[in-house]
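Note: hydrogens, waters and symmetry copies are ignored here, and every other heavy atom, side chains too, is used. We number each residue from 1, following the sequence as shown.
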Amino acid sequence: VLNNMKKGTRLDIIRRFSKDCRELGIKIHGTFILGMPGETPETIRETIDFACEMDPETIQVSLAAPYPGTFLYKQAQENGWLELQDGLVDSHGVQHAALNYPGLTSTMMFEGVDEFYRRFYFRPRKMFSLLGGMIGDRQVMKRRLREGKEFFQFLRERKREERESRRAEKVAAV
């Protein structure tokens, strides 16, 4: 997927960078995008596994967003991948899965984001790491508790969006 995006990024370089940062005490925030051309259920699992291997302090996972005027938007229109026509986020700011590929539906991508967060943050090692940072610093504790609350609100909102999406798919199928 990185090659399809022409990122010029190699996994061995990312591994080395992460190792060097850890040795220097630099915290890493990992950002990941699911749903770019070439994505499959398998590449989503591989990306989640890679994120867990790299173990950044925190992560952000987004869905590919085909903004009008971008190459991705043009590709999506030409290939019939564009699922949504009414915006890339809902009224709550939750991102829609706007693309739909053969073998990887928008629902699968949306569920992939949820799985990504759960598999990354609900590992015992990550939970202990986050808890350890909270015990040592009251400000970190306040921030993490706020972030945790926002995270669980986010997961609830994702589930609501998923239910609405499935209802819409059922209605469209009838």
Side-chain angles (χ1 to χ4, degrees), residues 1-18 28-67 70-84 87-90 92-127 129-130 147-148 150-170 172-173:
V1 176
L2 286 173
N3 291 338
N4 289 345
M5 294 173 55
K6 298 179 174 78
K7 283 290 266 185
T9 303
R10 295 186 354 221
L11 299 183
D12 61 323
I13 301 296
I14 295 170
R15 284 184 175 95
R16 178 64 192 191
F17 176 81
S18 295
I28 300 171
H29 174 74
T31 58
F32 301 87
I33 299 174
L34 299 182
M36 295 299 290
E39 190 83 79
T40 66
E42 178 62 26
T43 61
I44 290 174
R45 284 188 293 278
E46 289 171 1
T47 303
I48 295 169
D49 291 344
F50 181 74
C52 291
E53 175 192 339
M54 293 299 91
D55 198 29
E57 180 80 7
T58 55
I59 61 168
Q60 172 185 337
V61 184
S62 301
L63 292 163
Y67 290 104
T70 64
F71 181 70
L72 180 58
Y73 184 81
K74 182 179 179 210
Q75 261 187 313
Q77 284 190 313
E78 289 172 355
N79 292 291
W81 299 335
L82 201 54
E83 178 78 8
L84 298 173
L88 298 175
V89 295
D90 69 11
H92 302 289
V94 174
Q95 193 177 13
H96 291 294
L99 298 169
N100 201 14
Y101 302 114
L104 187 69
T105 65
S106 57
T107 300
M108 292 165 78
M109 285 182 246
F110 194 80
E111 290 170 350
V113 172
D114 186 56
E115 179 185 355
F116 204 127
Y117 279 116
R118 288 178 189 280
R119 281 195 43 211
F120 183 83
Y121 281 115
F122 294 154
R123 297 173 293 143
R125 176 179 169 187
K126 178 53 69 181
M127 294 174 84
S129 170
L130 294 172
E147 289 169 347
E150 291 170 359
F151 177 67
F152 285 109
Q153 287 172 337
F154 166 80
L155 291 178
R156 273 195 308 277
E157 189 61 31
R158 281 255 183 226
K159 284 294 180 195
R160 181 195 62 77
E161 182 75 19
E162 183 181 326
R163 283 191 305 273
E164 289 178 11
S165 176
R166 286 189 178 160
R167 272 189 235 129
E169 287 174 3
K170 286 180 184 176

Q. For Ile14 and Phe50, which heavy atoms make the closest approach, and how far apart are they?
A. CG2-CZ, 3.6 Å
Q: Enter the distance from Thr58:OG1 to Phe120:CZ here, rounded to the nearest 0.5 Å.
A: 7.5 Å
Q: State, to 0.1 Å, how close Arg123 and Cys52 come at their nearest heavy-atom pair, and which atoms those are.
A: NH1-O, 3.4 Å
Q. What is the distance from atom CE of Met109 to atom CD of Glu115, rounded to the nearest 0.5 Å?
A. 14.5 Å
Q) Any side-chain heavy-atom pair from Arg163 and Arg167 closer than 4.5 angstrom? A) yes
**Q.** Pairwise distance OG(Ser129) to OH(Tyr121) - rounded to 0.5 angstrom
**A.** 10.5 Å
Q | Nearest heavy atoms of Asn100 and Ser106, plus distance in Å | A | OD1-N, 3.0 Å
(Q) Looking at every heavy atom in both Pro56 and Lys126, which two are closest together, and how far apart are they? (A) O-NZ, 2.7 Å
Q: Can you see which heavy atom on Gly35 is nearest to which on Ala64, and at what distance?
A: O-CB, 3.4 Å
Q | Residues Phe32, Ile48; criterion side-chain contact (heavy atoms from CB on, under 4.5 Å); working and verdict | A | CA-CA 9 Å; Phe32 301 87; Ile48 295 169; over 6 Å; no
(Q) Take a 6.0 Å sphere around CZ of Arg10 and say whether it holds more than 12 heavy atoms from other residues, nucleotides or ligands. (A) no
Q.
Testing the basics here: between Gly103 and Pro41, what is the closest heavy-atom pair and its distance to 0.1 Å?
A. O-CD, 3.7 Å
Q. Is there a donor-acceptor contact under 3.5 Å from the side chain of Thr70 to the main chain of Pro66?
A. no
Q) Hey, what do you get for CG (Leu104) to CD (Glu42), rounding to the nearest 0.5 Å? A) 12.0 Å
Q: First locate atom CG of Leu34, then atom CG of Leu99, and finally report the distance between them rounded to the nearest 0.5 Å.
A: 11.5 Å
Q: Indicate yes or no for a side-chain donor-acceptor contact from Tyr101 to the backbone of Glu39 under 3.5 Å, with no hydrogens or angles considered.
A: no
**Q.** Pairs meeting criterion salt bridge (charged side-chain N to carboxylate O under 4.0 Å, His left out) with involvement of residues 70-81, two or more places apart
**A.** Lys74-Glu78
Q | Pairwise distance CG(Asp55) to CD1(Ile28) - rounded to 0.5 angstrom | A | 9.5 Å
Q. Are any of the side-chain heavy atoms of Glu57 and His29 separated by less than 4.5 Å?
A. no
Q. Can you say whether the rings of Phe152 and Phe122 are parallel (under 30°), tilted (30 to 60°) or perpendicular (over 60°)?
A. parallel
